[in-house]
Amino acid sequence: MSIRVRFAPSPTGHLHIGGARTALFNYLFARKHKGVFVLRIEDTDEDRSTGDSVKSIFESMKWLGLDWDEGAMPDGAEKGSFGPYIQSARYAAGTYRKYAEELIKTGKAYKCYCTEAEVDEMRRVASLEKRLPKYDGRCRSLTETRKKEFEARGRKPVVRFRMPDDGCTGWTDLIHNEVKFDNKLLSDFVMLKASGYPAYNFACVIDDRLMEISHIIRGDDHISNTPLQVNLYRALDWRIPGLAHLSMILGPDGTRLSKRHGATSVGEYAKQGYLAGTMKNYLALLGWSTTDSRQLFEEGELEEKFDLKGCQKSPAVFDPVKLTWMNGEYIRKLPRDKLLELALPYIKGAGISVEKSPVPLTEIVALEQEKYRLLSEIPAKIEFFFSDAKYDETAFAKMLKTPDAKKILAGIKEAYSALGGFKEAEIEAATRNFAKTNAFKAAQVFHPLRVAVSGRAEGPTLFRMIEYLGREESVKRLEKALSLI
RNA sequence: GCCCUCAUCGUCUAGUGGCCUAGGACGCUGCCCUUUCAAGGCAGAGAUCAGGGGUUCGAAUCCCCUUGAGGGCGCCA
């Protein structure tokens, strides 16, 4: 049996962390088993589905590098021979109606003329009387005359699935092992809405089967939908795919991850300067691990090592602090030209005019590569190369408001002006020499010098920084600092 | 209310009856390196394995109960 998995988002917003994790695990499972990864759009919620959401989801998937083998594509075309891959299009082709009618014919489904208000009331009363708040099945055996009456009054029926009245429905979950539900608890769920559109539990089963999906990997918020779907598979006499329910992702307070925990969409993290590789690596570790508890994975390694057996049953708290640490790790591993490429949008976005760069921008950006944890931190770190030093008050007070500061800066200024060349090694030698001849400790000179030239108490390695700034600019800044002391 | 699921350091986790006086990672603390900040190296604090009962020569690992948390009970997905 060939492995075919799918990610089936409903386009009602951006791709969220939880969705991305589900997509990732499906993708990894497919790659690991040399299977097929399908992307299907479940846009059967007529009110909330939007084309913009579809676009946004595509974008995030692409950013994360989760390329799919079959399904709806960003250019509006489709790839694969099981299409269409958008449920609204499948609806238009009559796919769902066909199977619904078949089930009605065999008595496994029926038309229900109850209005939403009636069903709501039914549930309310049941709940009050401490009975199960489920549909009571009153339309299960409507006579033809009754049906005609309803139709005559203009009532549009929904199609409901007839659940077995007794027995249990269970399955062997690939993550949770045996799970079972008492059929008595299960409701005759809606397959086709009054509008004719399919509801989730129905569309999902029909499509998974028709697309020959071999394994369903989804969040465990779907566990209670599963017995309904299993019964549908059986009614249709279809083979039930492998079922794997992933644990939820929670916020730091232990509740389901949501907006009030901060950024929840993949796009927001991308904007904040997290790398796609970081996100992929971090998300993989939320609910999955190797037996050696490995943290950092090389490119392509997850695809090789992923295994459903390593999946956690319990929910995981999303930890932005660890994510940020990991991003630093990924940034450090970046080749410098790649780093520049990724940093450029942030640099330009900060209004830094890079044309004025005294040395190739790559060099400047790479200067503090080991310190960046977020791409968005880069502009603030390199800004002083491109505009006059803005003196940090604390640093200025501490390093330049000292008895020796004037002497040091003046002396260094002189030494630099007299230098033949202006390379890191020469600058360092001259600076150390100045310190020595004037009986200063190296640090006594270095600190004020750093502040005078960059405005900050911390920064890149001192002499290379000064080299990049250039003699003229360095001297100019020393003069300015002198005038301010 | 009913049903389902889950339960190892603050967090992500390793662990499938003896190798566990419970390992790794993030975070935290200290030291080293060092012109700063980082990075790196080393060391350390941090988990009576939710609690209580069993089973067993032996349990984080198996069984039962309790508690807690999460999810579901839609013509949303």
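Below, each value reflects all heavy atoms present in this structure, side chains not excepted, and no hydrogens, waters or symmetry copies. Chain identifiers are assigned alphabetically (A, B, ...) following the order of the sequence lines, protein sequences preceding nucleic acid strands; residue numbering begins at 1 within each chain.
Among residues at least two apart or in separate chains, salt bridge (charged side-chain N to carboxylate O under 4.0 Å, His left out) pairs with a member in residues 390-410 of chain A are E383(A)-K390(A). Sorted by first and then second residue, the salt bridge (charged side-chain N to carboxylate O under 4.0 Å, His left out) pairs involving residues 448-470 of chain A (not counting sequence neighbours) are E368(A)-R456(A), K423(A)-E467(A), E424(A)-R464(A), R456(A)-E458(A). The side chain to side chain donor-acceptor pair (under 3.5 Å) contacts involving residues 185-199 of chain A comprise E46(A)-S195(A), Y110(A)-D188(A), R140(A)-D188(A), where partners must be two or more places apart or lie in separate chains.
Atom pair D253(A):CG and G68(B):P shows a separation of 18 Å (rounding to whole Å applied). Rounded to an integer number of Å, the gap from L192(A) CG to C75(B) P is 13 Å. Taking atom CD of residue E121(A) and atom C1' of nucleotide G74(B), one finds them 16 Å apart after rounding to whole Å. What separates CG of D307(A) from C1' of A14(B) is a distance of 15 Å, to the nearest Å. Per the geometry, CD belonging to E46(A) stands 13 Å off C1' belonging to A77(B), to the nearest Å. Regarding D173(A), its CG atom lies at a distance of 18 Å from the P atom of G71(B), rounded to whole Å. Across the protein-nucleic acid pair, H245(A) atom NE2 and G72(B) atom P stand 13 Å apart, rounded to whole Å. At whole-Å resolution of the value, CG in N281(A) and P in U13(B) are 14 Å apart.
Shown here are the side chain to side chain donor-acceptor pair (under 3.5 Å) partners of T402(A), two or more places apart in sequence or in another chain: there are none. R218(A) meets the salt bridge (charged side-chain N to carboxylate O under 4.0 Å, His left out) test with no other residue; sequence neighbours excluded. For T278(A), the side chain to side chain contact (heavy atoms under 4.5 Å, CB included) partners are L275(A), L323(A), M326(A), N327(A), Y330(A), not counting sequence neighbours. Remark: R260(A) pairs with D253(A) by the salt bridge (charged side-chain N to carboxylate O under 4.0 Å, His left out) rule, at least two apart or across chains. Among residues two or more places apart in sequence or in another chain, the side chain to side chain contact (heavy atoms under 4.5 Å, CB included) test is passed with P227(A) by T169(A), W171(A), F181(A), L186(A).
Residue contacts for Q295(A): at a heavy-atom cut-off of 4.0 Å it reaches a base atom on one of the strands shown. Residue contacts shown for T255(A) are limited to sugar-phosphate atoms, with no base heavy atom under 4.0 Å away. Within the nucleic acid shown, G287(A) comes within 4.0 Å of sugar-phosphate atoms alone, with no base atom in reach, counting heavy atoms only. Nucleic acid contact for R456(A): none, since no nucleic acid atom lies under 4.0 Å from a heavy atom of the residue. Within 4.0 Å of C311(A), counting heavy atoms only, lies no atom of the nucleic acid at all.
For G1(B), the paired nucleotide is C73(B), the pair qualifying as Watson-Crick or G-U wobble because both relevant distances are below 3.5 Å. Partner assigned to A50(B) is U66(B), using Watson-Crick or G-U wobble distances below 3.5 angstrom. Judged by Watson-Crick or G-U wobble contacts below 3.5 Å, the nucleotide C28(B) has G44(B) as its partner. With a cut-off of 3.5 Å on both pairing distances, C9(B) has no Watson-Crick or G-U wobble partner at all. Within the shown strands, nothing qualifies as a pairing partner of A14(B) under the Watson-Crick or G-U definition with both distances less than 3.5 Å.
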Quick test: give all pairs of protein nitrogen or oxygen and nucleotides 1-7 of chain B nitrogen or oxygen below 3.5 Å, distance rounded to 0.1 Å.
residue: U5(B); atom: O3'; partner: H176(A); partner atom: ND1; Å: 3.0
residue: C6(B); atom: OP1; partner: H176(A); partner atom: ND1; Å: 3.4

Atom pairs under 3.5 Å: protein N/O with N/O of nucleotides 9-11 of chain B:
none

* How would nucleotides 47-52 of chain B be written as a contact map, 5' to 3', with B for base contact, S for sugar-phosphate-only contact and - for no contact, using protein heavy atoms under 4.0 Å? -> ------
* Give the B/S/- string for nucleotides 28-42 of chain B, one per nucleotide from 5' to 3', where a protein heavy atom under 4.0 Å of the base yields B, of only the sugar-phosphate yields S, and otherwise -. => -------BBBBSS--
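Put simply, R294(A) has no side-chain N or O that comes within less than 4.0 Å of OP1 or OP2 on A25(B). Dashed line: the shortest gap from a side-chain N or O of S289(A) to OP1 or OP2 of A14(B) is under 4.0 Å.
Using a 30° and 60° split on the angle between ring planes, Y113(A) and F150(A) fall in the parallel class, below 30°.
Annotation: of the two residues near RNA chain B, A199(A) and R123(A), the 5′-most nearest-nucleotide partner is R123(A). Residue T290(A) is the one, among V190(A) and T290(A), whose nearest nucleotide of RNA chain B lies closer to the 5' end (criterion: closest heavy atom).
Comparing the P positions of C9(B) and G24(B) gives a spacing of 16 Å, expressed to the nearest Å. When the C1' atom is used for both C6(B) and U13(B), the distance is 15 Å, rounded to whole Å. Distance check on atom C1': A59(B) versus A22(B) gives 13 Å, rounded to whole Å. Between C49(B) and A7(B), the distance separating the two P atoms is 15 Å to the nearest Å. When the P atom is compared between G46(B) and G10(B), the two are found 11 Å apart, to the nearest whole Å. Here, A14(B) and U61(B) have their P atoms 15 Å apart, quoted to the whole Å. Comparing U21(B) with U48(B), their C1' atoms sit 13 Å apart, to the nearest whole Å. Distance noted for atom P between G23(B) and G44(B): 12 Å (whole Å).
Of the candidates G24(B), A77(B), G71(B), A77(B) carries the atom nearest the S10(A) side chain, counting heavy atoms from C-beta on. Listed nucleotides: A14(B), A77(B), G70(B). Nearest to the side chain of T291(A): A14(B).
The existence of a salt bridge linking E377(A) and K381(A) is excluded, since no basic side-chain nitrogen approaches an acidic carboxylate oxygen closer than 4.0 Å. With respect to R48(A) and D43(A), no salt bridge is recorded, no charged nitrogen being found less than 4.0 Å from a carboxylate O. The pair R138(A)-E118(A) does not meet the salt-bridge criterion, since no charged nitrogen lies less than 4.0 angstrom from a carboxylate oxygen.
Between the side chain of N225(A) and the base of A77(B), a donor-acceptor pair under 3.5 Å is found.
Judged by distance alone, the side chain of R6(A) and the main-chain N or O of L39(A) form no donor-acceptor pair under 3.5 Å. Judged purely by atom type and a 3.5 angstrom limit, Y85(A) has no side-chain atom pairing as donor or acceptor with the backbone of R90(A). Between the side chain of Q369(A) and the backbone N or O of V365(A) there is no donor-acceptor pair closer than 3.5 Å. Side-chain N or O atoms of D173(A) include one that pairs as donor or acceptor with a backbone N or O of I175(A) at under 3.5 Å.
For an aromatic pair to be called close, the ring centres must be under 6.0 Å apart, and W68(A) with F7(A) fails this.
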